[in-house]
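What follows is a set of notes on a single structure, which appears directly below.
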Amino acid sequence: MHKIRLIGASTSHRGKGGAVAHECLEQTLAMLATQTPGERALGLIDHRNLPSKRLVSSLGFVEVNLPGIDPDLGAWVIDLPDRPRQ
């Protein structure tokens with residue numbers, strides 16, 4: 001499992017629909033899928049961070065219950081494809 005620790009967009013790009021963050025996370029997932037197809041990626045997101053929750057949800061992440069994580073965080077996972085996209 002890969003833990004995505006941080007993806008950030010400059011404040012000059014915030015509040016504009018999330019296109020920069022979306023592209024960054026999409027490229028990260030594509031790279032992970034190429035290097036380790038079939039693995040799982042995990043991200044922890046503060047429950048109050050609605051833009052990040054919308055972003056990961058739009059890319060196919062689902063929220064799961066994981067014991068032992070900070071109660072203020074939600075665990076979001078996605079299964080990477082078995083084969084990289086062509």
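No side-chain heavy atom of Arg40 sits under 4.5 Å from any side-chain heavy atom of Ile78. Here the side chains of Leu80 and Leu29 are in contact, with some heavy-atom distance below 4.5 Å. With a 4.5 Å cut-off on side-chain heavy atoms, Glu39 and Leu32 do not count as touching. Using a 4.5 Å cut-off on side-chain heavy atoms (C-beta onward), Thr34 and Met31 make no contact.
Around CD of Glu23, the count of heavy atoms belonging to other residues, nucleotides or ligands within 6.0 Å does not exceed 12. The local environment of CG in Asn65 is sparse, with at most 12 non-hydrogen atoms from other residues, nucleotides or ligands closer than 6.0 Å.
Here the closest non-hydrogen pair linking Leu73 and His47 is O-NE2, 3.1 Å. Nearest heavy atoms, Ile69 versus Gly74: CD1-C, 4.4 Å. In plain terms, the two heavy atoms of Leu55 and Ala21 that are nearest each other are CD2-CB, 3.9 Å. When all heavy atoms of Ala75 and Leu42 are compared, the closest pair comes out as CB-CD1, 4.0 Å.
With sequence neighbours excluded, the residues that form a side chain to side chain donor-acceptor pair (under 3.5 Å) with Thr36 are His2. Residues forming a side chain to side chain donor-acceptor pair (under 3.5 Å) with Arg54 (at least two apart in sequence, or on another chain): none.
Under the 4.5 Å side-chain contact rule for hydrophobic residues, Val77 and Leu25 do not share a cluster. In this structure, Leu66 is a member of the same hydrophobic cluster as Met1, with clusters built from ILVMFWY side-chain heavy atoms closer than 4.5 Å.
Note that CD of Glu26 and OG of Ser58 are 8.5 Å apart. Values are rounded to the nearest 0.5 Å. In this structure, the separation between CG on Leu44 and CG on Asp70 is 8.5 Å, given to the nearest 0.5 Å.
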field: Worked check of side chain to side chain contact (heavy atoms under 4.5 Å, CB included) between Trp76 and Ser52
entry: CA-CA 10 Å; Trp76 291 78; Ser52 290; over 6 Å; no

